[in-house]
Amino acid sequence: MNSITLLSTFQRDFIEAGCDEAGRGCLAGPVFAAAVIFPADYCNPVLNDSKKLSEKKRMELRPIIEQEALAYAVASVSAEEIDKINIHKASYLAMHKALDMLAVKPGFLIIDGNKFIPYSNVPHSCIIKGDGKYLSIAAASILAKTYRDEYMENIAVDYPDYDWMQNKGYPTIKHRQAVLKLGLTPHHRKTFRVTDPQLTLF
């Protein structure tokens with residue numbers, strides 16, 4: 001947990017939205033993305049990169065983010081679409097869809113990572129590990145992660161053998177073993193390679 005509050009803004013000339021995605025490396029399920037706009041001087045000492053927070057803490061923070069943000073949105077791109085356009089383009093498309101849904105239109109974007117497909121004519125800056133540096137990106141990472149986890153838990157009911165309640169679609173040993181034994185579900189990304197977990201032992 002950070003003892004220092006993350007930064008509130010990258011710049012102060014325009015209304016700023018932070019964007020992040022969740023599920024890029026999964027074998028199954030959509031990729032989710034979120035966009036969050038906070039007040040310029042927003043402060044929250046608990047907000048951090050979703051990967052550094054427990055599931056319980058992420059779920060506690062989600063309604064706080066949604067209540068205190070000037071605007072927020074969450075969007076997704078399906079596994080089928082990921083197979084058509086590739087995961088990188090799908091991640092950016094999910095961010096674009098989230099930005100389209102914002103009730104407040106941003107004049108500047110800060111994006112987690114080192115690449116982005118420009119959104120309309122809105123200027124942006126890519127920030128490596130931005131979800132551990134800026135509050136709006138951290139909040140976007142939490143929203144994207146929690147909404148995606150809930151989605152995977154819902155569809156896991158119909159496919160219990162793949163352990164999605166635990167792995168959320170990521171390529172764990174149990175998940176890969178299930179794919180090799182039972183095959184792909186309609187929710188799997190068919191262009192993603194599934195290797196035999198035994199191969200990692202040698």
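Since the model is a prediction, treat every value here as computed from it, not as a measurement.
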Q: Below 4.5 Å, heavy atoms only, C-beta onward: do Ile117 and Met95 meet side chain to side chain?
A: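 Heavy-atom side-chain distance check fails, nothing below 4.5 Å.
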Q: May I ask you to check whether Thr172 and His175 show a side-chain donor-acceptor distance below 3.5 Å?
A: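 There is no such pair (donor and acceptor under 3.5 Å, judged by atom type) between the side chains of Thr172 and His175.
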Q: Find the distance between SG (Cys26) and CZ (Arg189) and round it off to the nearest 0.5 Å.
A: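 It is 5.5 Å, given to the nearest 0.5 Å.
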Q: Show your reasoning for whether salt bridge (Lys or Arg N to Asp or Glu O under 4.0 Å) applies to Lys57 and Glu60.
A: CA-CA 5 Å; Lys57 182 57 67 175; Glu60 289 174 355; 3.1 Å; yes
Q: Given the side-chain rings of His96 and Phe116, with only the six-membered ring counted for Trp, is the space between their centroids under 6.0 Å?
A: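 Ring-ring flag for His96/Phe116: true, centres closer than 6.0 Å.
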Q: Output, in order, the C-alpha distance, side-chain angles, deciding distance and verdict of side-chain hydrogen bond (donor to acceptor under 3.5 Å, both in side chains) for Tyr119 and Asp100.
A: CA-CA 9 Å; Tyr119 173 74; Asp100 284 342; 2.7 Å; yes
Q: Going hydrophobic residue to hydrophobic residue with side-chain gaps under 4.5 angstrom, can you get from Val104 over to Val122?
A: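 Val104 clusters together with Val122.
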Q: Begin from the C-alpha positions of Tyr159 and His187 and carry the test ring-ring contact (aromatic ring centres under 6.0 Å, His included) through to its verdict.
A: CA-CA 10 Å; Tyr159 300 92; His187 299 287; 5.5 Å; yes
Q: For a quick test of reading the model, state the closest non-hydrogen atom pair linking Cys43 to Thr5 and the distance between them.
A: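 Where Cys43 meets Thr5 most closely, the heavy atoms are SG-CG2, 3.9 Å.
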Q: How about NZ on Lys105, more than 12 heavy atoms from neighbouring residues, nucleotides or ligands closer than 6.0 Å, or not?
A: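 It does: Lys105 NZ has more than 12 such atoms within range.
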Q: Before giving the answer on side-chain contact (heavy atoms from CB on, under 4.5 Å), spell out for Ile110 and Tyr134 the whole-Å C-alpha distance, their side-chain angles and the decisive distance to 0.1 Å.
A: CA-CA 9 Å; Ile110 50 175; Tyr134 290 91; 3.8 Å; yes
Q: Take Arg62 and Glu150 through the salt bridge (Lys or Arg N to Asp or Glu O under 4.0 Å) test and state the conclusion after the steps.
A: CA-CA 12 Å; Arg62 188 168 95 178; Glu150 282 188 345; 3.3 Å; yes
Q: Is there a side-chain contact (heavy atoms from CB on, under 4.5 Å) between Lys115 and Tyr92? Walk through the geometry before answering.
A: CA-CA 9 Å; Lys115 291 181 181 178; Tyr92 306 140; 3.2 Å; yes
Q: When clusters are formed by joining ILVMFWY residues with side-chain heavy atoms under 4.5 Å apart, either directly or through shared neighbours, do Ile15 and Leu70 land in the same one?
A: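 Yes; tracing contacts between hydrophobic side chains, which count when under 4.5 Å, links both residues.
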Q: side-chain hydrogen bond (donor to acceptor under 3.5 Å, both in side chains), that's the test. Do His88 and Ser91 meet it? Break it down for me.
A: CA-CA 5 Å; His88 301 293; Ser91 297; over 6 Å; no
Q: Mind listing the closest non-hydrogen atom pair of Leu102 and Ala17 along with its distance?
A: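 Leu102 and Ala17 have their closest heavy atoms at CD1-CB, 4.2 Å.
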Q: Minimum heavy-atom separation for Ser141 to Asn48, with atom names?
A: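 The pair with the smallest heavy-atom distance is OG-O, 4.3 Å.
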Q: Apply side-chain contact (heavy atoms from CB on, under 4.5 Å) to Phe192 and Val179, showing your working.
A: CA-CA 12 Å; Phe192 280 43; Val179 172; over 6 Å; no
Q: Is the backbone of Phe10 close enough, under 3.5 Å, to the side chain of Glu16 for a donor and an acceptor to pair up by distance?
A: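 Yes; at least one donor-acceptor contact below 3.5 Å.
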Q: If you look at every heavy atom in Ser8 and Tyr42, which pair is closest and at what distance?
A: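 Looking at all heavy atoms of both residues, the closest pair is CB-O, 3.3 Å.
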Q: Strictly below 4.0 Å, N to O, side chains only: are Arg176 and Asp163 in salt-bridge contact?
A: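 Looking at Arg176 and Asp163, the cut-off is not met.
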Q: Can you check whether Val31's main-chain N or O pairs, donor with acceptor, with Arg24's side chain at less than 3.5 Å?
A: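 Side chain of Arg24 to backbone of Val31, a donor-acceptor pair under 3.5 Å: no, none is there.
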Q: Donor-acceptor pairs under 3.5 angstrom involving side-chain atoms of residues 74-83: please list them, not counting sequence neighbours.
A:
residue	atom	partner	partner atom	Å
Ser78	OG	Glu81	N	3.1
Asp83	OD1	Lys190	N	3.1
Asp83	OD1	Thr191	N	3.0
Asp83	OD1	Thr191	OG1	2.6
Asp83	OD2	Lys190	N	2.9

Q: Do Tyr72 and Leu109 sit in one hydrophobic cluster, given that two such residues count as connected whenever their side-chain heavy atoms are within less than 4.5 Å of each other, even indirectly?
A: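 No, no single cluster joins them.
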Q: Quick one: pull up SG in Cys126 and CG in Asp112 and give me the separation to the nearest 0.5 Å.
A: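 These two atoms lie 9.0 Å from each other.
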Q: State plainly whether one hydrophobic cluster holds both Ile87 and Leu27, where clusters connect Ile, Leu, Val, Met, Phe, Trp and Tyr through side-chain heavy atoms under 4.5 angstrom apart.
A: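 Yes: a chain of side-chain contacts under 4.5 Å links Ile87 to Leu27.
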Q: Salt bridge or not for Asp49 and Lys133, using N-O below 4.0 Å?
A: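 A salt bridge is absent here (no side-chain N lies under 4.0 Å from a carboxylate O).
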Q: Could you walk me through whether Asp149 and Tyr151 satisfy the side-chain hydrogen bond (donor to acceptor under 3.5 Å, both in side chains) test, starting with their C-alpha distance in whole Å, then the side-chain angles of each, then the deciding distance to 0.1 Å, before giving a yes or no?
A: CA-CA 5 Å; Asp149 283 358; Tyr151 179 94; over 6 Å; no
Q: In terms of hydrophobic clustering (I, L, V, M, F, W, Y; side-chain heavy atoms under 4.5 Å; direct or indirect links), are Phe38 and Val46 co-clustered?
A: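 Yes, Phe38 connects to Val46 through the hydrophobic network.
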Q: If I compare all heavy atoms of Lys89 with all of Asn86, which pair ends up nearest, and what's the gap?
A: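 Scanning both residues completely, I find the closest heavy atoms to be N-OD1, 2.8 Å.
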Q: So, applying side chain to side chain contact (heavy atoms under 4.5 Å, CB included) with Ile142, which one of Ile64, Ile65, Ile137 is it?
A: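 Among Ile64, Ile65, Ile137, the one meeting side chain to side chain contact (heavy atoms under 4.5 Å, CB included) with Ile142 is Ile65.
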Q: Report the distance from atom CG of Leu135 to atom CG of Leu6, rounding to the nearest 0.5 Å.
A: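 These two atoms lie 5.0 Å from each other.
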Q: Donor-acceptor pair, distance only, cut-off 3.5 Å: does the side chain of Gln11 make one with the backbone of Phe14?
A: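 Pair found, side chain donor or acceptor close to backbone of Phe14.
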Q: Verify the distance criterion only: is there a donor paired with an acceptor across the side chains of Asn167 and Tyr162 at less than 3.5 Å?
A: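 No.
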Q: Between atom CG of Leu61 and atom CD of Glu68, what is the distance when rounded to the nearest 0.5 Å?
A: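 If we round to the nearest 0.5 Å, Leu61:CG and Glu68:CD are 9.5 Å apart.
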Q: Is the shortest side-chain heavy-atom distance between Arg12 and Thr9 below 4.5 Å?
A: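 In contact.
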Q: Output, in order, the C-alpha distance, side-chain angles, deciding distance and verdict of side-chain contact (heavy atoms from CB on, under 4.5 Å) for Ile127 and Ile111.
A: CA-CA 6 Å; Ile127 302 167; Ile111 312 296; over 6 Å; no
Q: Please report the shortest heavy-atom distance between Glu153 and Met165, naming the atom on each side.
A: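 So the minimum-distance heavy-atom pair works out to O-SD, 3.5 Å.
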Q: Quick one: are Ile155 and Trp164 in side-chain contact, heavy atoms under 4.5 Å?
A: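 Ile155 reaches Trp164 side chain to side chain.
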